[in-house]
Amino acid sequence: MKAPHFWSGGLDPRAREAAPLTRVLLTPVAALYGAIVARKLAHANPAKVGIPVICVGNLTVGGSGKTPIVAAIRQHLQASGLRAASLSRGYKGRLKGPLRVDPGVHTAADVGDEPLMLASHGESWIGADRVAAARAMEAAGAEIIIMDDGHQNPSLHRNLSLVVVDAGDPFGNGHVFPKGPLREPVKAGLGRADAVILAGDGPDPDGRWPCPVVRARLEPVAPPPDGPLVAFAGIGRPQKVFDSLSAAGATLVDTVPYPDHHPYSRGDLKWLEALAAERDARLITTEKDAARLPADVRDPVAVWPVRAVFEPADALDGWLQAVVEQRSHG
């Protein structure tokens with residue numbers, strides 16, 4: 001879905017004036033949504049599995065830079081000799097799992113774009129039932145689970161809860177869905193977190209956080225290609241991608257935003273290719289978007305992957321080591 005203007009926390013100058021009647025009408029709906037989430041969390045009885053679980057979640061719908069952070073944590077644990085695997089719900093995928101994602105077999109339509117992207121760099125699983133999936137992962141030999149999303153899903157016990165916050169627009173207008181982008185009130189969500197990961201560009205923490213804060217930036221794995229480019233993206237905030245490409249030196253002659261998780265059709269690609277030809281340019285998109293492109297038309301599109309870099313580099317080491325020690329001590 002495309003976020004309405006009134007969800008913005010000030011990034012969009014139209015936010016303050018946008019849809020005042022709609023916001024009023026959505027107030028009771030938002031209150032009901034928040035109450036349902038709070039009740040689910042209050043009555044939860046999380047199941048434990050025999051291996052540690054690290055949850056990397058957020059408080060808002062839409063993108064916050066969470067998936068690259070999952071990949072970075074998984075890579076760090078793999079480098080220490082552990083068989084670390086990511087676990088995702090498989091949003092917008094037709095398969096419910098539990099299953100290990102195979103990029104040579106599965107498509108984004110099968111398992112979702114984020115699990116497929118994660119599978120290109122390491123072990124990635126999906127499961128609509130998080131507990132069943134975690135048990136399947138343990139049985140398959142995984143030694144530690146990094147759960148992508150799930151801060152509001154209390155079914156599975158976690159040994160470490162990290163909440164990713166977009167530094168540029170932390171909580172939107174501060175209201176719960178659908179009046180705003182929040183999945184739950186900020187105070188409640190941060191109250192269950194062991195740490196906040198402040199992702200991307202934005203002001204430094206100002207003391208309002210009830211838990212430790214770690215900074216993370218998303219940096220390109222490689223420079224963008226030379227020459228004119230037409231960029232397209234279907235993520236939570238496409239403009240962030242376009243701005244990052246420009247900041248990295250890309251020559252953008254046009255940009256095309258799509259809704260988050262947009263399922264690209266061959267018709268979409270045909271239109272984009274015609275636009276690029278008209279601009280005498282090459283198409284470029286994100287790694288997450290590339291996972292949703294039809295395989296037979298993917299090659300002409302340049303992919304611009306990014307990675308999460310923590311500041312300082314060892315910012316999470318203490319928490320991760322504590323989780324590893326929990327595993328060692330049973």
Side-chain angles (χ1 to χ4, degrees), residues 1-19 23 26-27 30-31 33-34 37-38 41 55-70 72-73 114 148-153 160-219 233 235-244 247 257 259-260 286 288 306 308-312 315-316 319:
M1 66 173 291
K2 183 178 180 180
H5 297 312
F6 63 83
W7 279 12
S8 172
L11 294 179
D12 190 331
R14 297 167 290 184
R16 187 170 297 178
E17 294 80 16
R23 284 180 288 173
L26 289 177
T27 297
Y33 182 92
V37 172
L41 292 167
C55 178
V56 181
N58 61 10
L59 302 187
T60 59
V61 299
S64 60
K66 179 170 46 62
T67 303
I69 287 169
V70 169
I73 293 173
E114 291 164 351
D148 184 7
D149 210 353
H151 190 63
Q152 292 75 30
N153 183 333
L160 180 67
S161 289
L162 305 172
V163 169
V164 181
V165 173
D166 183 344
D169 190 20
F171 308 116
N173 62 8
H175 293 294
V176 172
F177 182 86
K179 188 178 179 180
L182 290 173
R183 300 180 180 189
E184 61 177 318
V186 172
K187 184 177 180 180
L190 294 184
R192 300 193 314 280
D194 294 300
V196 165
I197 299 177
L198 203 58
D201 297 326
D204 289 330
D206 57 9
R208 62 179 169 173
W209 310 101
C211 53
V213 177
V214 172
R215 295 298 301 237
R217 56 186 170 84
L218 301 181
E219 67 172 26
I235 62 171
R237 287 172 56 193
Q239 190 60 45
K240 286 180 62 176
V241 175
F242 307 148
D243 291 344
S244 296
D260 197 13
T286 71
K288 178 178 167 180
V306 297
V309 178
F310 299 106
E311 298 176 339
L316 290 178
W319 287 299

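Note that these values count all heavy atoms, side chains included, but never hydrogens, waters or copies made by symmetry. All residue numbers in this chain count up from 1 along the given sequence.
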Does Ala72 have any side chain to side chain contact (heavy atoms under 4.5 Å, CB included) partners at least two apart in sequence or in another chain, and if so, which?
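Applying side chain to side chain contact (heavy atoms under 4.5 Å, CB included) to Ala72 gives Ala308, Phe310.
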
With [X] via side-chain hydrogen bond (donor to acceptor under 3.5 Å, both in side chains) - residues at least two apart:
X	value
Glu184	Gln152, Arg192
Asp194	none
Glu219	Arg217, Arg307
Asp243	Gln239

To the nearest 0.5 Å, what is the distance between SG on Cys55 and CG on Leu160?
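One finds 9.0 Å between SG of Cys55 and CG of Leu160.
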
Output the distance between atom CG (Leu316) and atom CD1 (Ile73), rounded to the nearest 0.5 Å.
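So the CG of Leu316 and the CD1 of Ile73 are separated by 5.5 Å.
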
Reference residue Val56; test side chain to side chain contact (heavy atoms under 4.5 Å, CB included); the match among Asp149, Val163, Val70
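Checked Asp149, Val163, Val70 against Val56; only one passes side chain to side chain contact (heavy atoms under 4.5 Å, CB included): Val70.
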
Option among Thr60, Leu59, Ile69, Val196 that satisfies the side chain to side chain contact (heavy atoms under 4.5 Å, CB included) test with Val164:
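The side chain to side chain contact (heavy atoms under 4.5 Å, CB included) with Val164 is passed solely by Ile69 among Thr60, Leu59, Ile69, Val196.
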
Among Asp169, Asp201, Asp166, salt bridge (charged side-chain N to carboxylate O under 4.0 Å, His left out) partner for Lys240
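That would be Asp166; it is the only one of Asp169, Asp201, Asp166 passing the salt bridge (charged side-chain N to carboxylate O under 4.0 Å, His left out) with Lys240.
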
Those residues that, when tested against Tyr33, pass ring-ring contact (aromatic ring centres under 6.0 Å, His included) (two or more places apart)
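Partners of Tyr33 by the ring-ring contact (aromatic ring centres under 6.0 Å, His included) criterion, ordered by chain and then number, come out as Phe177.
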
Do [X] and [Y] have side chains that get closer than 4.5 Å, going by heavy atoms?
X	Y	value
Val306	Thr286	no
Val176	Pro185	yes
Phe171	Pro181	no

Given the rule in the side-chain contact (heavy atoms from CB on, under 4.5 Å) test, do Val165 and Ile197 qualify, once you have shown the distances and angles that lead to the verdict?
CA-CA 6 Å; Val165 173; Ile197 299 177; over 6 Å; no

If every non-hydrogen atom of Gly65 is compared with every non-hydrogen atom of Pro68, which pair is closest and at what distance?
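Closest approach of Gly65 to Pro68: O-CD, 3.4 Å.
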
Could you tell me which non-hydrogen atom of Lys179 sits nearest to which non-hydrogen atom of Asn173, and how far apart they are?
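Looks like O-ND2, 3.1 Å.
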
Show the numbers, then the answer: is there a salt bridge (charged side-chain N to carboxylate O under 4.0 Å, His left out) between Asp260 and Arg237?
CA-CA 8 Å; Asp260 197 13; Arg237 287 172 56 193; over 6 Å; no

Between the side chain of Asn58 and the main-chain N/O of His151, is any donor-acceptor distance below 3.5 Å?
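Not a single qualifying donor-acceptor pair exists.
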
Any side-chain to backbone donor/acceptor pair from Arg215 onto Gly200? Under 3.5 Å, distance only.
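Here the side-chain-to-backbone pair exists.
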
